[in-house]
Amino acid sequence: MKRWWNTPRHPAPARVTRRRIGRALMRVVTIGALSLPVARPSITVHFPDGTTFTFPLFSRLPRTGGAVIQAWAFGTLSEATQPDSQKECDLEHVCELAISSAGGAGSGTGTTIKTSSETSSQVDPSPNLQFTLAETIDYAHPVTKGVKGDNGPGACYPASGVMAIKMDASSVLALDIVGQACQVGGSTARLVFTGSYATDVGSSGRFANADGIGSVNINNPSGLPGAGTNTSAADTTWTKASLAGQLLYGN
């Protein structure tokens, strides 16, 4: 029998392959007889103009310098379903929402980014940029609960997502967001999301090598039945978002 003191002190070499784990094809690191899947999650967002953009969800080392920015966005809720199904959202499951705007000059919707001239010389993009916000709200696990019982008035829920802002065909700014979505009073029709944003490595084109972090607040539809969608003019749910913090982009 080989004793532990006779075994090599050098670890077995690691090699990277790809193996199917469930439905996904993932990178796998093999060390000796041990195989560990290395998750490299990605997300695909769909813009109102029909184009899609897929980017990985991991970050790179921060850049030096920065710029103080303020940004605001107006969009509408177009989808709200339970993950991997077409079932309506409810208070017992996770809810996935898609909020977007086609923007456009003079529309008053979309995303507008303004940089403080005192902190950076970077040129601001045009106003009213097209954007999509893919958000997930975990109604099944409220962070706080109202005085009238589970999921009662004032409940807050974990929430996260990705906001993709499109400047042109090859330039997309990707922002990861995380925080809490809280009921406004006892209403389940509207939430206020309070959290943080950080730039994602998937940002491209004129937004390439983006680096930033800050706060984000969203006057958010809940996605629950009766909260409204943009299926008709009379049933439109507008969403307002504001961001403040640091953002440096471009090469």
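Counting heavy atoms from C-beta outward, I137 and L191 have side chains that approach closer than 4.5 Å. N128 has its side chain within reach of T112: a pair of non-hydrogen atoms, C-beta onward, lies under 4.5 Å apart. P48 is listed as a side-chain neighbour of T132, based on a closest heavy-atom distance under 4.5 Å. No side-chain heavy atom of S196 sits under 4.5 Å from any side-chain heavy atom of V216. The shortest side-chain heavy-atom distance between L247 and L173 falls under the 4.5 Å cut-off. The closest side-chain heavy-atom distance from W238 to N219 is not below 4.5 Å. Using a 4.5 Å heavy-atom threshold, the side chains of I218 and L133 count as touching. By the 4.5 Å heavy-atom criterion applied to side chains, T239 and T76 are not counted as neighbours.
To the nearest 0.5 angstrom, T136 atom OG1 is 4.5 Å from E96 atom CD. Of the inter-residue distances, the one linking L175 atom CG with S203 atom OG reads 6.5 Å to the nearest 0.5 angstrom. One distance of note links CD1 of I113 with OG of S126; it measures 10.5 Å at 0.5 Å rounding. With rounding to the nearest 0.5 angstrom, the CG atom of D211 is 6.5 Å from the CG atom of L248. In this structure, OG on S204 lies 12.0 Å from CG on N209, to the nearest 0.5 angstrom. The CG atom of D200 sits 4.0 Å away from atom CG of D176, with the distance rounded to the nearest 0.5 Å.
Taking both residues in full, the closest heavy atoms of Y139 and S222 are given as OH-O, 2.5 Å, listed atom of the first, atom of the second, then distance. Residues A210 and T199 approach most closely at O-OG1, 3.4 Å, considering heavy atoms. Heavy atoms only, all atoms of each residue included: P125 and Y249 are closest at CD-OH, 3.1 Å. A pairwise comparison of heavy atoms in V94 and P83 identifies O-CD, 3.3 Å as the closest pair. Between Q82 and C89, the shortest heavy-atom distance links the atoms N-SG, 4.2 Å. Taking every heavy atom of both residues into account, Q122 and A67 meet most closely at NE2-CB, 3.8 Å.
Between the S171 side chain and the R206 main chain, a donor and an acceptor come within less than 3.5 Å of each other. Between the side chain of S100 and the backbone N or O of F131 there is no donor-acceptor pair closer than 3.5 Å. Side chain of S116 to backbone of I69: no donor-acceptor contact under 3.5 angstrom is found.
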One pair to check against side chain to side chain contact (heavy atoms under 4.5 Å, CB included): V172 and I165. What are the steps and the verdict? CA-CA 5 Å; V172 174; I165 304 168; over 6 Å; no
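Of the residues M167, M163, Q130, the one that meets the side-chain contact (heavy atoms from CB on, under 4.5 Å) test with T111 is M163.
A donor atom on one side chain and an acceptor atom on the other are found under 3.5 Å apart for T115 and D124. Counting only N and O atoms by type, the side chains of T51 and K166 include a donor and acceptor under 3.5 Å apart. Side-chain contact of T109 with S101: a donor-acceptor pair under 3.5 Å is present, judged by distance alone.
Sorted by first then second residue, the disulfide bond (SG atoms under 2.5 Å apart) pairs that include residues 178-211, not counting sequence neighbours, are C156-C182. Screening residues 155-164 for salt bridge (charged side-chain N to carboxylate O under 4.0 Å, His left out) gives no qualifying pairs among residues at least two apart or on separate chains. Residue pairs meeting the ring-ring contact (aromatic ring centres under 6.0 Å, His included) criterion with at least one member in residues 86-130, sequence neighbours excluded, do not occur.
Grouping Ile, Leu, Val, Met, Phe, Trp and Tyr by side-chain contacts under 4.5 Å, direct or through others, puts V184 with V192. Grouped by direct or indirect side-chain proximity (heavy atoms under 4.5 Å, Ile/Leu/Val/Met/Phe/Trp/Tyr only), W72 sits with F74.
Both L91 and F193 are members of a single hydrophobic cluster when ILVMFWY side chains are connected at heavy-atom separations under 4.5 Å.
Contacts of D138 classified as salt bridge (charged side-chain N to carboxylate O under 4.0 Å, His left out), with partners at least two apart in sequence or in another chain: none.
By the 6.0 Å contact criterion, CD on Q180 is enclosed, its count of non-hydrogen atoms from other residues, nucleotides or ligands being greater than 12.
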